[in-house]
Q: 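Take a look at the following structure, please.
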Amino acid sequence: MRVLTPVVVNLGIWDYGVAYKLFSHIQVRVEAWQNPWSDVAGNGYQIAQSLFAICTWGITGIGLTRGYATSIPVVERDFIFAAICEEFGSIFAIGLLAIFILILLEGARGALENRSRFLTLLCAGFTALLAFQTFLIIGGVTKFIPLTGVTLPFISYGGTSIVISYI
């Protein structure tokens, strides 16, 4: 089996290639990301069910509480975007992405218009945090990048995530 090691800046001992070799859970996530269909009943089950949920009901979705999102393990935290796509459709998912983009643009505007350097950096940092977290979870659910297990800001279940997102 051929392993793809990402090309990154050398971070010393925590280099991603080293982390891939040291931690078995990273290997499992990368293998499930590369080919979830090779082990659909095992490690690839979550991502395969997510892709089925996103693609099955098309543009309009099946309707609220009518989907089979409960077949995806940990759907309320890690895979809420797949459940949204299944129940509300692709149009709603694109609208949700548009809302996140508007939040990020508003955060960037706030950072640029602020006169205090500290508040500018604080606003830019929180905006970058939300952007990165949104990219990680939506990219992982849609099989664009390996899944990381972070929550979708303002939407996923999790008290700490909601509180930090609102701050």
Side-chain angles (χ1 to χ4, degrees), residues 1-9 16-17 19-20 23-108 125-162 164-166:
M1 179 173 84
R2 192 173 133 228
V3 177
L4 298 175
T5 305
V7 178
V8 294
V9 177
Y16 294 115
Y20 179 83
F23 303 110
S24 62
H25 69 280
I26 294 176
Q27 294 171 1
V28 168
R29 286 184 181 181
V30 170
E31 289 170 7
W33 168 64
Q34 287 177 340
N35 189 7
W37 312 114
S38 65
D39 188 17
V40 174
N43 295 330
Y45 181 77
Q46 218 174 7
I47 192 70
Q49 290 298 324
S50 169
L51 294 173
F52 285 139
I54 290 170
C55 298
T56 302
W57 297 104
I59 294 175
T60 58
I62 190 171
L64 183 61
T65 70
R66 298 172 114 193
Y68 304 104
T70 55
S71 65
I72 305 171
V74 199
V75 70
E76 63 276 353
R77 284 178 279 167
D78 293 348
F79 285 88
I80 194 70
F81 188 73
I84 289 170
C85 289
E86 180 181 25
E87 293 186 358
F88 297 111
S90 300
I91 292 176
F92 193 87
I94 291 170
L96 185 65
L97 288 174
I99 290 171
F100 276 116
I101 289 171
L102 290 174
I103 290 171
L104 300 177
L105 289 174
E106 187 64 25
F126 278 130
T127 302
L129 177 74
L130 282 175
F132 190 64
Q133 189 172 347
T134 303
F135 171 74
L136 281 178
I137 191 62
I138 292 177
V141 168
T142 58
K143 201 179 164 300
F144 183 68
I145 59 173
L147 190 63
T148 58
V150 298
T151 58
L152 188 61
F154 304 113
I155 297 176
S156 293
Y157 172 76
T160 305
S161 174
I162 296 290
I164 295 299
S165 296
Y166 279 114

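All figures in this text were calculated on a predicted structure; none of them were measured in a lab.
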Q: Within this structure, what is the CD1-CD1 distance for the pair I99 and I94, rounded to the nearest 0.5 Å?
A: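 So the gap between those two atoms works out to 12.5 Å.
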Q: With rounding to the nearest 0.5 angstrom, report the CD1 to CG distance, I101 to L96.
A: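 Separation between the atoms: 10.0 Å.
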Q: Within the supplied structure, the quantity of interest is the number of heavy atoms (other residues, nucleotides, ligands) at a distance under 6.0 Å from F154 CZ; does it exceed 12?
A: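 Counting neighbours around CZ of F154, more than 12 heavy atoms of other residues, nucleotides or ligands fall under 6.0 Å, so yes.
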Q: Any luck finding a side-chain donor-acceptor pair between E86 and T56 under 3.5 Å?
A: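 Short answer, no.
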Q: Working to the nearest 0.5 angstrom, can you tell me the gap between T134 OG1 and F81 CZ?
A: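 If I round to the nearest 0.5 Å, the distance is 10.5 Å.
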Q: Is atom CG of L102 surrounded by more than 12 heavy atoms (other residues, nucleotides or ligands) closer than 6.0 Å?
A: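 Buried by this count: over 12 neighbours within 6.0 Å.
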Q: Quick check for you: to the nearest 0.5 Å, what is the distance between F132 atom CZ and L104 atom CG?
A: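 One gets 13.0 Å once the value is rounded to the nearest 0.5 Å.
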Q: Under 3.5 Å, is there a donor-acceptor pair between the side chain of S50 and the main chain of A82?
A: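 Checking the backbone N and O of A82 against the side chain of S50, no donor-acceptor pair under 3.5 Å is found.
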Q: What I'd like to find out is whether the side chain of I155 reaches to under 4.5 Å of the side chain of I84, using heavy atoms alone.
A: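 Touching, per the 4.5 Å side-chain cut-off.
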Q: According to the side-chain hydrogen bond (donor to acceptor under 3.5 Å, both in side chains) rule, which pairs have a member within residues 88-108, sequence neighbours left out?
A: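 Listed by first then second residue: E106-R109.
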Q: Looking only at heavy atoms, which two atoms of G140 and I47 are closest? And how far apart?
A: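 Result for this residue pair: O-CD1, 3.2 Å.
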Q: Report the distance from atom CD1 of I138 to atom CG of L97, rounding to the nearest 0.5 Å.
A: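 CG of L97 is found 4.5 Å from CD1 of I138.
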Q: Listed by chain and number, what are the side-chain hydrogen bond (donor to acceptor under 3.5 Å, both in side chains) partners of T127, not counting sequence neighbours?
A: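 T127 satisfies side-chain hydrogen bond (donor to acceptor under 3.5 Å, both in side chains) with no other residue.
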